[in-house]
Number of protein chains: 2
Amino acid sequence: MGERRSLSKGITVTQAALPGLTLCNNAMLRRATRKLGQFYDDMLAPSGLKATQQGLLYQILIGDEPAMGAIAAALIMDLSALGHTLKPLIRDGYVETFADKDDRRVKRVRLTPQGLIKLDEAMKLWSLAQQRFEAMVGKDEAARLRAALDDIAALDFDMPPAAPSK
Amino acid sequence: MGERRSLSKGITVTQAALPGLTLCNNAMLRRATRKLGQFYDDMLAPSGLKATQQGLLYQILIGDEPAMGAIAAALIMDLSALGHTLKPLIRDGYVETFADKDDRRVKRVRLTPQGLIKLDEAMKLWSLAQQRFEAMVGKDEAARLRAALDDIAALDFDMPPAAPSK
DNA sequence: TTCATTTAGTGGCATATGCCACTTTTTGGG
DNA sequence: CCCAAAAAGTGGCATATGCCACTAAATGAA
C-alpha cells in the first residue's frame, strides 16, 4: 500500500502522510515571491527594467544620495549583493556613484537624469501592476500582507538556539 | 525647503512626501524573503544545504519520482531554473535523474540514498528553524501568512491589462 | 505513414543574492 | 603620533532564477 520513505531515525511514512512544502514558511515565501516577481517583471518589461531594479532605483531616489550601506540596510540586502546589482544600472547609465566628502570609505549613490526618466517610466508601469494585484487580492488584504512582511523583516533572529545563559 | 525630485510629467515632490518602498507588495515580499532566507539558511548551515536545496529535496521526496516539469510546476519555478538548481545536488550525489519509461522526453528525479540521509539531517534543522520562527511570530500568524502566500501563488495574472476584446 | 505542432528539457546569457577574503579609511586608545 | 580594531566596499566564487533559442520526442491530422 503506497511507497514508503524513511524520514528521520529509521522512521518510515507513507507518501500520503508527508505534508507538502505548504508548511514551510520560508518555502512559501519564496514561492510567492517567484510568482509575484514574474507578474511585476512582466508588467515592467516595457521599461526594460526588472522589478528589483525599479525598486532599487526608487530606494535611491527617496534616499538623499544614500551610502551603499544605507541602501543595503534599508533593503535588508547584503552589501556586496547590492554592489553587484548596481553594476548593470551603472553600466546602463541610470545610476552613478561618488565618494563621500567626509569619509572616503563611504560611496554614495544617485540617479542620473536618464535614471530619473527611466524610473519615472517604470513607476507608471509599477502603478498598474500594483493596481491589478490589489484589485485581485483586495487593498486591505494587500496592506495586511505588507504589514506582516514588514514584521518579518523587522524580526531579530540573533542569539543561537541555545541561549549562552548567564 | 528640502530636496525636490521630479517623478512623473514634470511634477516635483519634496522627499518627505515620497512613500517608502513599504507600499510595494513585490518589494516587501522580496525583502522579507531575503530576511527569512538568511535565517533558514543559517539554521540549515550545519547540514551544508541551503534552504532552497532542502526544500527542493523535500519536494522530490514527496513526489513519486516526479518529472522535472511536475517539480517546476509545484514550486512555481521556471523549468530551466529548476534544471540549474538541480545541478549542484546531482554533482554532490544527493539526486539522480532517469528517463521516463513511456515518454523519453520526460526526465524523472529521485533522491539517492545519500540524498535521503542528507535531507533527513536537514529536516531536523529545518524543524528547529520553523519552531524558532513560529515562536516569534506565533503559530496562528504564521499559518495565516502561509495561507496568504499560497493564495498569491494561486493567482491567475493572465490576460494583459487591456482586454483584446472580440 | 508523414509532417507540422506541441511538449519537455538543455544550454547560454544575464540578473539576484550571499559569503568570504582583502584593501582602504577611520577611529580609539596608548 | 602610532598602531590595532572597526567600518565600508570590492572581487571572486557559488547558488537562485528567468528568458530565449534550440533539440529531441510524442501527437494529431491529412
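In this text the structure is predicted, and so the values were computed from the model without any measurement. Letters go in sequence order (proteins before strands), and every chain restarts at 1.
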Options dA8(C), dA16(C), dG9(D), nucleotide nearest the side-chain atoms of Val106(B): dA8(C)
Restricting to nitrogen or oxygen on both sides, can you table the protein-nucleotides 23-27 of chain C pairs closer than 3.5 Å?
from: dT25(C); atom 1: O2; to: Arg105(A); atom 2: NH1; distance (Å): 3.4
from: dT26(C); atom 1: OP1; to: Arg104(A); atom 2: N; distance (Å): 3.0
from: dT26(C); atom 1: OP1; to: Arg104(A); atom 2: NE; distance (Å): 3.4
from: dT26(C); atom 1: OP2; to: Arg104(A); atom 2: NH2; distance (Å): 3.3
from: dT26(C); atom 1: O4'; to: Arg105(A); atom 2: NE; distance (Å): 3.3
from: dT26(C); atom 1: O4'; to: Arg105(A); atom 2: NH1; distance (Å): 3.4
from: dT26(C); atom 1: O4'; to: Arg105(A); atom 2: NH2; distance (Å): 3.4

Shortest non-hydrogen separation from Ala122(A) to Leu44(A) and the atoms involved: O-CD2, 3.2 Å
Gln53(B)-Tyr94(B) side chain donor-acceptor pair, cut-off 3.5 Å: no
Between C1' of dT15(C) and CG of Leu56(A), the distance in whole Å: 12 Å
Distance in angstrom units between Leu57(A) CG and dT15(C) P, rounded: 14 Å
Side-chain ion pair, Arg146(A) and Glu141(A), N-O less than 4.0 Å: no
Residue pair Leu36(A), Asn25(B): steps toward the side chain to side chain contact (heavy atoms under 4.5 Å, CB included) verdict: CA-CA 9 Å; Leu36(A) 200 58; Asn25(B) 302 292; 4.2 Å; yes
Min side-chain heavy-atom separation Leu155(A)-Phe133(B) under 4.5 Å: yes
Length of the CE-C1' vector between Met68(B) and dA24(D), whole Å: 15 Å
N or O in side chain of Arg108(B) less than 4.0 angstrom from dA8(C) OP1/OP2: no
Rounded distance in Å - CG (Leu86(B)) to P (dG11(C)): 13 Å
Whichever of Gln53(B) and Ala67(A) has its nearest DNA chain D nucleotide further upstream toward 5': Ala67(A)
Glu65(A) bridged to Arg110(A) by N-O distance under 4.0 Å: yes
Passing option when Arg108(A) is tested against Asp64(A), Asp103(A), Thr97(A), Asp100(A) for side-chain hydrogen bond (donor to acceptor under 3.5 Å, both in side chains): Asp100(A)
Separation of atom CG in Asp100(B) from atom C1' in dT7(C), rounded to whole Å: 13 Å
Closest contact, heavy atoms only, Leu57(A) versus Gly115(A): CD1-O, 4.4 Å
Euclidean distance, atom CG of residue Leu75(B) to atom P of dT15(D) [Å, nearest integer]: 18 Å
Tyr40(B) and Gln54(B) side chains, donor-acceptor separation under 3.5 Å: no
Sugar-phosphate, base or nothing in reach of Gly83(A), heavy atoms under 4.0 Å: nothing
Cationic N near anionic O, under 4.0 Å, Asp92(A) to Lys118(A): no
Audit row: Asp150(A), Arg31(B), salt bridge (charged side-chain N to carboxylate O under 4.0 Å, His left out) steps and yes/no: CA-CA 8 Å; Asp150(A) 200 33; Arg31(B) 199 167 70 124; 2.5 Å; yes
Residue-level proximity of residues 90-98 of chain B to DNA chain D when a heavy atom falls under 4.0 Å: Arg91(B)
Value in whole Å for how far the C1' atom of dA16(D) lies from CG of Asn26(A): 13 Å
All N/O contacts under 3.5 Å from nucleotides 18-21 of chain D to the protein, with atom names and distances to one decimal?
from: dG18(D); atom 1: OP1; to: Gln38(A); atom 2: NE2; distance (Å): 3.1
from: dG18(D); atom 1: OP2; to: Asp78(B); atom 2: N; distance (Å): 2.9
from: dG18(D); atom 1: O6; to: His84(B); atom 2: ND1; distance (Å): 3.3
from: dC19(D); atom 1: OP2; to: Asp78(B); atom 2: OD1; distance (Å): 3.3
from: dC19(D); atom 1: N4; to: Ser80(B); atom 2: OG; distance (Å): 2.3

